[in-house]
Amino acid sequence: MDILLDEILTAHPEIEVVQLQVNYLDWENESIQSRKCYEAARKHGKPVIVMEPIKGGTLVKLPKEAETLLRDYDANASTASWALRFAASHEGVMMVLSGMNSMEQLEDNIHTMKDFQPMKEEEFRLCAEAARLIQSSLTIPCTGCGYCMVQCPKHIPIPEYFALFQHGYMTTQMVYYYNLTQRHARAGDCIRCHQCEKHCPQHIEITKHLQEISVKFDGFQGWR
């Protein structure tokens, strides 16, 4: 994805700004490639508009361990403010787009950005640790090793689909899924041969989860 962005910006230097999904959970995610795409944009000197800084609310309702980690550092900071500050603290970010559903959320976002304080290195490290804790709490314990794909006759990008499925059933995730299906087989193309499960170090019921993903994503009507 970052390679494609680099190619586009090289071919079209007239592009003035790039909008990217940037948040601390997706920063090192190999499906979304927030960091890599951000670095590609900055390589070309393009300012960045951030979308999904709170990942559709995922970074508000954190697992207990992750929330405790952040609150122990700053008891007065909301979990949403951590996500907003992470996104806005990167050089070249000109705007952060955040969806809000209540006056309380609006006031919290205004408070965070009105007297904006860029993150310190220690805070970036805490965000990385919070992301690790969130990942470890996910229902599919996939490490992204890719062993499952070695013998897959359909060459389904299983780790990428798992990553998208676990991080929320949102339009953004569906769009990423759709983009992947333009180059790879869909989750619903699984023939249930179970070869993937024989190679999975985590002993994940891969075939079962692919069926769940297919029900959610293959049936989405937004792009049809």
Side-chain angles (χ1 to χ4, degrees), residues 1-5 20-37 51-67 83 99 127-224:
M1 199 172 299
D2 62 309
I3 296 174
L4 176 59
L5 178 59
L20 299 172
Q21 180 166 325
V22 175
N23 57 68
Y24 65 78
L25 185 57
D26 292 331
W27 192 241
E28 298 296 346
N29 185 300
E30 279 303 313
S31 295
I32 298 174
Q33 298 185 346
S34 282
R35 176 181 59 79
K36 292 181 179 179
C37 287
M51 66 176 182
E52 296 290 347
I54 309 178
K55 202 170 174 64
T58 299
L59 299 182
V60 172
K61 300 177 182 178
L62 304 179
K64 183 177 179 180
E65 296 83 355
E67 182 174 355
C127 284
E129 176 61 14
R132 187 191 68 77
L133 290 170
I134 295 169
Q135 290 282 1
S136 67
S137 72
L138 297 176
T139 56
I140 306 176
C142 176
T143 63
C145 68
Y147 294 155
C148 55
M149 298 173 60
V150 174
Q151 297 295 330
C152 177
K154 292 294 185 177
H155 307 291
I156 299 172
I158 297 167
E160 285 84 354
Y161 289 168
F162 280 2
L164 292 177
F165 182 64
Q166 296 197 104
H167 292 318
Y169 180 49
M170 302 175 293
T171 301
T172 304
Q173 309 304 97
M174 295 175 194
V175 170
Y176 276 110
Y177 176 81
Y178 174 76
N179 290 339
L180 281 168
T181 62
Q182 301 311 290
R183 308 187 306 275
H184 305 284
R186 301 175 308 152
D189 291 327
C190 171
I191 61 174
R192 306 181 191 180
C193 66
H194 300 283
Q195 289 298 317
C196 53
E197 295 170 2
K198 296 177 182 177
H199 291 80
C200 178
Q202 308 302 321
H203 307 293
I204 298 170
E205 294 181 280
I206 296 173
T207 302
K208 169 189 170 185
H209 291 306
L210 285 177
Q211 289 178 277
E212 294 170 347
I213 293 169
S214 178
V215 169
K216 289 289 188 180
F217 289 91
D218 288 334
F220 179 60
Q221 300 296 315
W223 48 62
R224 296 185 180 183

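What you find for Cys152 and Ile156 is that their closest heavy atoms are SG-N, 3.4 Å.
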(message) Let's go through Lys55 and Gln21 carefully: what are the C-alpha distance in whole Å and the side-chain angles of both, what is the deciding distance for side-chain contact (heavy atoms from CB on, under 4.5 Å) to 0.1 Å, and is it a yes or a no?
(response) CA-CA 8 Å; Lys55 202 170 174 64; Gln21 180 166 325; 3.5 Å; yes

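You'll find the side chain of Ile134 reaches within 4.5 Å of the side chain of Tyr24, heavy atoms only. Between Tyr147 and Ile158 the shortest side-chain heavy-atom distance does not fall below 4.5 Å. The shortest distance between side-chain heavy atoms of Cys148 and Pro159 falls below 4.5 Å. For the pair Leu164 and Met174, the minimum side-chain heavy-atom distance is 4.5 Å or more. At least one side-chain heavy atom of Gln151 sits under 4.5 Å from a side-chain heavy atom of His199.
A salt bridge is absent between Lys64 and Glu67; no separation between the charged side-chain nitrogens and carboxylate oxygens falls under 4.0 Å.
More than 12 heavy atoms of other residues, nucleotides or ligands shown are found within 6.0 angstrom of CG on Leu4.
A donor-acceptor pair is defined here as one N or O able to donate and one able to accept, closer than 3.5 Å; such a pair exists between the side chain of Asn23 and the backbone of Asp26. A distance-only check finds a donor-acceptor pair linking the side chain of Ser136 to the backbone of Leu133 [under 3.5 Å]. Of the possible polar contacts, none joining the Gln195 side chain to the Pro153 backbone as a donor-acceptor pair under 3.5 Å is found.
Not a single salt bridge (charged side-chain N to carboxylate O under 4.0 Å, His left out) links Glu160 to another residue, sequence neighbours left out.
Just one residue in the list Phe165, Phe162, Phe217 forms a ring pair (Phe, Tyr, Trp, His ring centres under 6.0 Å) with Tyr177, and that residue is Phe217.
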